[in-house]
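Structure record follows, encoded as structure tokens.
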Number of protein chains: 2
Amino acid sequence: MELDDTDRAILRLLQEDARTPFSEIARRIDMSSATVHDRVGRLEEAGVIEGYHARVDPKALGYDVSAFVGLRVEQGREEDALERLREIDGITEVHLTTGEYDVVMRVHAPDIDDLREIMFDNVAQMGGFARSQTMIILGTDYDAVGVPIPEGDDSMKESPGEFGEGTRSDSGSER
Amino acid sequence: MELDDTDRAILRLLQEDARTPFSEIARRIDMSSATVHDRVGRLEEAGVIEGYHARVDPKALGYDVSAFVGLRVEQGREEDALERLREIDGITEVHLTTGEYDVVMRVHAPDIDDLREIMFDNVAQMGGFARSQTMIILGTDYDAVGVPIPEGDDSMKESPGEFGEGTRSDSGSER
DNA sequence: GTTGAAAAAATATTGAG
DNA sequence: CTCAATATTTTTTCAAC
């Protein structure tokens with residue numbers, strides 16, 4: 001689906017606050033609320049808007065520990081492994097990655113002891129992993145809501161950062 | 001703030017769908033909508049509900065590449081480094097961690113070339129890092145919305161996974 | 001702390017142009 | 001895309017349990 005500036009403006013507002021009334025969105029982007037309603041509907045149908053969710057503080061729910069876990073998967077057991085990882089309680093993300101690990105996942109646990117249980121009694125025990133690295137999050141300095149949605153310019157291609165030439169050839173890993 | 005089962009039921013519904021009408025929540029948890037309204041207000045004020053956000057598909061916005069980046073920070077430059085990382089466009093999360101890296105961050109970019117620009121022209125250039133590892137996400141097998149919110153039982157302590165004894169002593173890293 | 005009811009305000013939705 | 005009418009939801013209030 002093709003997005004124009006108006007769509008992105010709407011997405012930016014809803015990503016920031018999903019409860020922004022259509023009437024207010026309409027005011028801010030200078031259009032009628034019926035139009036906003038129309039566009040939001042199309043964005044939802046097209047899957048651009050995947051859903052509306054309340055962000056809940058994990059600590060309030062008793063999750064005091066969170067970690068990234070890198071896993072090295074034994075050859076040929078990838079499918080198998082991924083299937084079962086998502087079933088484990090506390091694992092909220094499972095990604096296949098390049099680099100040092102084959103899988104990087106995010107884990108939430110009430111405390112260190114529970115994290116240990118998840119890692120040893122669940123993950124390690126299911127087998128198929130050559131090694132793991134647990135990166136416990138000591139603090140989160142920045143955690144944006146969603147992804148940055150550029151305003152104005154319709155072709156965001158060209159301006160990922162502030163600069164923009166750079167002529168190095170490798171794609172950068174392990175330096 | 002102390003949460004009871006009712007609060008958690010409300011949180012679960014709103015985390016799943018922030019637009020669930022209070023009246024429907026009331027029906028589902030078998031309470032009056034006035035109570036739901038009351039509780040939601042308190043949960044918001046207490047900061048348990050941090051906000052309501054639309055989840056937008058990064059690909060629809062032109063972000064085809066995402067990666068986790070591990071950074072080793074040179075001694076004494078932590079403060080400095082963190083401050084500036086969050087300013088870099090495309091970096092959506094910055095965490096301090098234990099393990100192999102001091103910092104783990106999440107990056108979103110339109111394509112590989114833009115990721116390279118972010119890493120070399122922005123991150124590497126700011127200095128203060130001993131080395132970095134870029135783990136490009138090849139695929140995401142599972143990405144839950146928020147954290148799991150247990151139902152029923154009021155004391156979630158004790159049942160992080162399915163099992164629950166385990167008597168090993170170290171906290172597990174590099175195996 | 002919760003309920004039920006009820007009225008007012010705001011918002012969302014729909015249909016015609 | 002807009003305007004105007006309609007339907008739904010949220011908010012607020014209050015007496016009662």
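Protein chains get the first letters and strands the later ones, always in sequence-line order, with residue 1 at the start of each. All figures in this text were calculated on a predicted structure; none of them were measured in a lab.
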Worksheet item: How is Arg42(B) classified with respect to the nucleic acid when contacts are heavy atoms under 4.0 Å: base, sugar-phosphate, or nothing?
Response: sugar-phosphate

Taken to the nearest 0.5 Å, the spacing of Met1(B) CE from Glu45(B) CD works out to 9.5 Å

Hey, does the side chain of Arg86(A) reach the backbone of Asp141(B) with a donor-acceptor pair shorter than 3.5 angstrom?
yes

Take Leu13(B) and Ile29(B), measure what side chain to side chain contact (heavy atoms under 4.5 Å, CB included) needs, and give me the verdict at the end.
CA-CA 10 Å; Leu13(B) 291 168; Ile29(B) 66 177; 4.3 Å; yes

message = Quick one, Arg39(A) with Asp4(A), criterion salt bridge (charged side-chain N to carboxylate O under 4.0 Å, His left out). Give me CA distance, side-chain angles, the key distance, then yes/no.
response = CA-CA 11 Å; Arg39(A) 296 225 181 200; Asp4(A) 61 17; 2.8 Å; yes

Can you give the donor-acceptor pairs under 3.5 Å from side chains of residues 14-25 of chain A to other protein atoms, not counting sequence neighbours?
from     : atom 1 : to       : atom 2 : distance (Å)
Asp17(A) : OD1    : Arg19(A) : N      : 2.9
Arg19(A) : NH2    : Ala18(B) : O      : 3.2
Thr20(A) : OG1    : Asp17(A) : O      : 2.7
Glu24(A) : OE2    : Arg28(A) : NE     : 3.2
Glu24(A) : OE2    : Arg28(A) : NH2    : 2.9

Chain B reaches DNA chain C, atoms under 4.0 Å from its heavy atoms, from dT2(C) to dT3(C)

Strictly distance-based, threshold 3.5 Å: is any side-chain N or O of Ser132(B) a donor or acceptor partner for the main-chain N or O of Gly70(B)? no

Sorted by number, residues from residues 27-39 of chain B placing a heavy atom under 4.0 Å from DNA chain D are His37(B)

If one requires at least 3 consecutive Watson-Crick or G-U pairs with distances under 3.5 Å, the stems of DNA chain C turn out to be C:1-7 with D:11-17, C:9-17 with D:1-9

So do the side chains of Asp114(A) and Val65(A) get within less than 4.5 Å of each other, counting heavy atoms only?
-> no

_Test your reading of the model: is there a side-chain donor-acceptor pair from Glu87(A) to the backbone of Leu85(A), 3.5 Å cut-off?_
no

The correct set of residues in residues 45-55 of chain B placing a heavy atom under 4.0 Å from DNA chain D is none

5'-most to 3'-most nt of DNA chain D touching chain A (<4.0 Å, heavy-atom partner on protein side) reads dC1(D) to dC3(D)

Roughly how far apart, to the nearest Å, are dA12(C) and dT12(D) at atom P? 16 Å

**Verdict with reasoning, Val69(B) to Ile118(B), per side chain to side chain contact (heavy atoms under 4.5 Å, CB included)** = CA-CA 11 Å; Val69(B) 176; Ile118(B) 293 173; over 6 Å; no

**Prompt:** Between Gln133(A) and Tyr101(B), does any side-chain donor sit less than 3.5 Å from a side-chain acceptor?
**Reply:** no

Report task. With the side chain counted from C-beta on, respond yes when Leu96(A) and Val103(A) share a heavy-atom pair under 4.5 Å apart, and no when they do not. Result -> yes

Hey, is the main chain of Gly146(A) close enough, under 3.5 Å, to the side chain of Arg55(B) for a donor-acceptor pair? no

